[in-house]
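Read the structure below first, then the notes.
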Amino acid sequence: PEEIKACRAYVENQLDIIKPKVVVALGKSSAQTLLETDTPITALRGNFYPYRGAKLLPTYHPAYLLRNPSAKKEVWADMKKIAKELGIDIPKTKVN
């Protein structure tokens with residue numbers, strides 16, 4: 001909570017300056033904080049939400065993937081969804 005309080009205004013200011021099309025929230029803490037919700041990451045991930053003029057997509061944190069390698073497929077699906085949103089073509093690949 002102290003880190004969020006100390007950094008949130010800075011992050012929001014940076015997003016207002018950069019004006020990204022898509023913001024990716026990696027993990028429960030960032031997703032719940034930015035969306036101001038207590039909805040579990042499992043329910044949030046994979047869906048776009050409006051956020052400061054951008055689309056925010058929550059997904060699993062890389063540390064979670066180290067503990068749960070099978071979730072890499074879900075994150076890869078999220079990354080493909082982001083690429084599609086940005087008009088980026090990703091060749092078909094297999095994720096192990």
Side-chain angles (χ1 to χ4, degrees):
E2 291 107 25
E3 289 177 32
I4 292 168
K5 186 177 178 182
C7 299
R8 184 168 188 156
Y10 177 79
V11 169
E12 290 175 349
N13 186 47
Q14 291 297 303
L15 291 172
D16 290 343
I17 291 168
I18 296 168
K19 297 182 183 1
K21 293 178 184 176
V22 173
V23 174
V24 181
L26 297 176
K28 178 182 87 165
S29 295
S30 62
Q32 289 179 340
T33 297
L34 296 175
L35 294 173
E36 297 180 347
T37 185
D38 59 0
T39 302
I41 186 66
T42 53
L44 293 172
R45 74 140 286 277
N47 299 300
F48 283 110
Y49 300 88
Y51 183 74
R52 303 185 81 80
K55 291 185 175 184
L56 184 140
L57 189 129
T59 194
Y60 297 128
H61 191 279
Y64 177 81
L65 299 178
L66 292 174
R67 295 187 305 275
N68 301 280
S70 63
K72 288 192 279 184
K73 289 180 181 180
E74 293 172 271
V75 174
W76 181 239
D78 295 341
M79 296 301 113
K80 291 192 297 187
K81 188 179 277 191
I82 292 164
K84 183 176 181 182
E85 181 67 29
L86 295 173
I88 299 168
D89 185 41
I90 297 195
K92 294 193 184 276
T93 59
K94 184 178 177 183
V95 177
N96 294 329

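Bear in mind that the values here come from a model prediction, so they are computed numbers and not experimental data.
Taking CD1 of I41 as the start and OH of Y64 as the end, the distance is 10.0 Å to the nearest 0.5 Å. Residue L65 holds its CG atom at 9.0 Å from CG of L26, rounded to the nearest 0.5 Å. For the atom pair OG of S30 and NE2 of H61, the computed distance is 7.5 Å after rounding to the nearest 0.5 Å. We find the NZ-OG1 distance between K28 and T37 to be 12.0 Å, quoted to the nearest 0.5 Å. Between N47 atom CG and L56 atom CG the span is 11.0 Å, to the nearest 0.5 Å. In this structure, CG on L35 lies 6.0 Å from CG on L44, to the nearest 0.5 angstrom.
Shortest non-hydrogen contact noted between A43 and Y49 is O-OH, 3.9 Å. The shortest non-hydrogen separation linking L15 to P20 is O-CD, 3.4 Å. Of all the heavy atoms in T39 and Q32, the pair that sits closest is O-NE2, 2.8 Å.
Cluster annotation: V11 and I4 are assigned to distinct hydrophobic clusters (Ile/Leu/Val/Met/Phe/Trp/Tyr, side-chain heavy-atom contacts under 4.5 Å, transitive). Residues V75 and I88 share a hydrophobic cluster, clusters being chains of Ile/Leu/Val/Met/Phe/Trp/Tyr side chains in contact below 4.5 Å. A continuous path of hydrophobic side-chain contacts links V22 to I90 [ILVMFWY only; heavy atoms under 4.5 Å].
Within the structure, salt bridge (charged side-chain N to carboxylate O under 4.0 Å, His left out) pairs that include any residue of residues 54-64 comprise K55-E85 (at least two apart or interchain). The salt bridge (charged side-chain N to carboxylate O under 4.0 Å, His left out) pairs that include a residue from residues 12-25 are R8-E12, E12-R52, D16-R52, where partners are two or more places apart or lie in different chains.
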Tell me, with the steps shown, if V23 and L57 meet side-chain contact (heavy atoms from CB on, under 4.5 Å). CA-CA 6 Å; V23 174; L57 189 129; over 6 Å; no
Using side-chain contact (heavy atoms from CB on, under 4.5 Å), reason through K81 and F48 one step at a time and then give a plain yes or no. CA-CA 9 Å; K81 188 179 277 191; F48 283 110; 3.5 Å; yes
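Around the CD atom of E3, the shell of radius 6.0 Å holds no more than 12 heavy atoms that belong to other residues, nucleotides or ligands.
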